Colleague: 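Quick one: this structure, given as structure tokens, is what I'll be asking you about.
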Amino acid sequence: MPVHNEDIAAIFEEMADLLEIEGANPFRVRAYRNAARSVRSLGRELAEMVASGEDLTQLPGIGKDLAAKIIEMVRTGKVRALEKLHRKVPASLEDLLHIPGLGPRRVRRLFDELGIETLEQLAEAARAGRLRTLPGFGARTEQRILDALAAHRSQERRFLYSVARQYAEPLAAWLRKIPGVERVVVAGSYRRGRETVGDLDILVTVRADSPVMARFVTYDEVAEVISSGATRASVILRSGLQVDLRVVTAHSLGAALHYFTGSKAHNIQIRRLGQQRGLKINEYGVFRGERAIAGESEDSVFAAVGLPYIPPELRENRGEIAAAREGRLPRLIERKDLRGDLHCHSRASDGHADIETMARAAREAGLEYLAITDHSRHLSVARGLDERRLLQQIEEIDRLNERLHGITLLKGIEVDILEDGRLDLPDSVLAQLDLVVGAVHDHFGLSEKKQTARLLRAMAHKYFTLLAHPSGRLLLKREAYAVDMPRVVEAARERGCFLELNAQPLRLDLKDNHCRLARERGVPLSINSDSHGPDGFANLAYGINQARRGWLEKGDVLNTLPLGKLRKRLRGTMG
Ligand code: DGT
Ligand code: CA
Ligand code: CA
């Protein structure tokens, strides 16, 4: 059974949760959490590394013990240590941890004193007013838990795009090898490059008598078959991800692709255009009366309603149809347009490679320049740089630049924006850098007014270049802080500084609509990997997805500029 990095990371997370509930040593708990993070940010499948006998202890956060557990998981699909934990702590307690307001200590108490193991039991106890009998759990906490449970139930489960991809690509590759299978396309929100994906919608075209439908449900990651027929089937993978598969005929592939790519709102508008021309459009084709007049390609579907091809990322009914009609569709940016990266970390703060290794990896990723932007001192958990260490790093980069070929390092810092909007390092040292990347790492709970004022003050600073992950959100984990983003975009325009589109798949910050707003206001964005290791540059592809959903063209993005022009733009922000 294939084991993916996400499966391994999830097991490490689960072990950390269970150990925490059990009251284990906090350092042990943190080791598992770090390992999970490290596994998630790897650019390669661990299963392959195990198969080729590579030394896993070279990976950040992975010691001998964890390496052995990874090998065990890859070889057997499970970990004995976790099974042992399950004998002490019921696995369902983990679900309780996902309820806001319930930390490990409270979960432990609920279990020890009220025997609560599941969300149902928790809801029942809360409704019966039994929670408030516990020390530290007043009536208000009880109500908050009830509210959180209701919110939890109504929340559909979604997957990060990057996680869905880990399941989609091997499955699509596996389907392609089934006899008689011709084309396999993952449609739906996945094809539109959405930051999260609800389920996968796969279309296949086949020659007659292909066994694809019979085989599909036997894919070894299938945990449950919801339905299966002659031309469509739905399954749930072990990861919980649902996959809908449809067999379509080659002459209606374009119509089916268009239909199942969506979005639904876009489809409805296209169908309406068809109706105005007396056409019926569905997943089988474009029809005038009984006669199919288009549908073999997506181009033909659009052409039937008088439109040029609209890229999937734009199909959200956010004005793309009018833009297409008027010949105003953007020429969307592509990965190859990126010439550099303006945000990454080295071992000096919380990265796990030295600067030279990062530089070589960036060159390998096809980049011409890379800004080293380690954290500043205020972020002490990341060993942020103080003035002295930053000055040393500046010298180190000067020396490296003399030696390195094919890549130029820029000197930067990811400086903390303090609560009051001041920057965490003095002007005298900031003045010596090529760029200053500012970021918020604490006080997420300020009012919108205060948070906005904080950002505006930072951006007004004479050495401020670029606002990193402007909204602070973590997808599926943490909401954006309250901030008036249109006001921030306006301030960037007035000040002549830049905003980041952080390409980490968990951030994708700015979000698509705000990217588009920045483009409309003429504020260039920088698509940055925020790499913490040499694998991190692969994340740029996720940033490009998001940029395309934000209608960005090459000319809207700062780090498509060649180095000379980029330097000029950066100097414009530095005093
Ligand atoms: P997701 O899975 O929640 O991330 O989002 P989608 O867009 O993949 O939605 P999904 O899986 O429900 O359906 C896939 C595509 O199929 C959707 O984008 C458009 C099309 N579709 C589904 N149901 C309908 C419908 O009732 N009407 C129309 N016009 N299209 C539909
Ligand atoms: Ca879907
Ligand atoms: Ca679906």
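Residues: numbered from 1 along the sequence shown. Keep in mind it's a predicted model, so treat the numbers as computed, not measured. First listed ligand is number 1; within each ligand, the first listed atom is number 1.
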Colleague: Numbering the atoms of ligand 1 from 1, which are under 4.0 Å from a heavy atom of Asn267?
Modeller: 19 (C), 29 (N), 30 (N)

Colleague: When you look at CD of Glu490, are more than 12 heavy atoms from neighbouring residues, nucleotides or ligands closer to it than 6.0 Å?
Modeller: yes

Colleague: Can we call the ring centroids of His443 and His441 under 6.0 Å apart?
Modeller: no

Colleague: Quick one, Arg487 with Glu448, criterion salt bridge (Lys or Arg N to Asp or Glu O under 4.0 Å). Give me CA distance, side-chain angles, the key distance, then yes/no.
Modeller: CA-CA 11 Å; Arg487 185 82 192 77; Glu448 177 173 325; over 6 Å; no

Colleague: Hey, which atoms in ligand 1 end up nearer than 4.0 Å to a heavy atom of Arg192?
Modeller: 7 (O), 18 (O)

Colleague: Among the N/O/S atoms of Asp201, which is closest to the Ca ion (ligand 2)? Give the atom name.
Modeller: OD2

Colleague: Could you tell me whether the side chain of Tyr481 reaches within less than 4.5 Å of the side chain of Leu446, counting heavy atoms only?
Modeller: no

Colleague: Is any side-chain heavy atom of Leu119 less than 4.5 Å from a side-chain heavy atom of Leu96?
Modeller: yes

Colleague: Consider every N or O of Gly198 and every N or O of ligand 1, then say whether any pair is closer than 3.5 Å.
Modeller: yes

Colleague: From Ile333 CD1 over to Leu338 CG, what is the distance, rounded to the nearest 0.5 angstrom?
Modeller: 5.0 Å

Colleague: Any atoms of ligand 1 less than 4.0 Å from a non-hydrogen atom of Val197? List them with their elements.
Modeller: 4 (O)

Colleague: Does ligand 1 come near enough to Asp201 that some N or O of the ligand is less than 3.5 Å from an N or O of the residue?
Modeller: yes

Colleague: Does the side-chain hydrogen bond (donor to acceptor under 3.5 Å, both in side chains) test come out yes or no for His4 and Glu45, once each step is laid out?
Modeller: CA-CA 6 Å; His4 301 290; Glu45 287 278 12; 3.1 Å; yes

Colleague: Would you call the rings of Phe12 and Tyr32 parallel, tilted or perpendicular, where under 30° means parallel and over 60° means perpendicular?
Modeller: tilted

Colleague: State the atoms of ligand 1, each with its element, that fall below the 4.0 Å cut-off from a heavy-atom position in Gly188.
Modeller: 8 (O)

Colleague: With a cut-off of 4.0 Å, which atoms of ligand 1 are near a heavy atom of Arg158?
Modeller: 1 (P), 3 (O), 4 (O)

Colleague: Pick whichever of Tyr161, Tyr190, Tyr259 has a heavy atom sitting closest to atom 24 (C) of ligand 1.
Modeller: Tyr259

Colleague: Under a 4.0 angstrom heavy-atom cut-off, which atoms of ligand 1 come close to Arg271?
Modeller: 29 (N)

Colleague: For Thr261, is the nearest heavy atom under 4.0 Å from an atom of ligand 1?
Modeller: yes

Colleague: Have a look at Ser189, Ala265, Pro312 and point out the one with the heavy atom closest to atom 5 (O) of ligand 1.
Modeller: Ser189

Colleague: Can Arg194 be said to touch ligand 1, with heavy atoms closer than 4.0 Å?
Modeller: no

Colleague: Before signing off on this row, confirm whether Ser263 and ligand 1 have an N or O atom pair separated by under 3.5 Å.
Modeller: no

Colleague: Taking the side chain as C-beta and beyond, is there a heavy-atom pair between Asn502 and His343 under 4.5 Å?
Modeller: yes

Colleague: What does the angle at the Ca ion (ligand 3) come to, between atom OD1 of Asp199 and atom OD2 of Asp244, rounded to 10°?
Modeller: 120°

Colleague: Does one side chain, of Asp509 or Ser471, offer a donor that lies under 3.5 Å from an acceptor on the other?
Modeller: yes

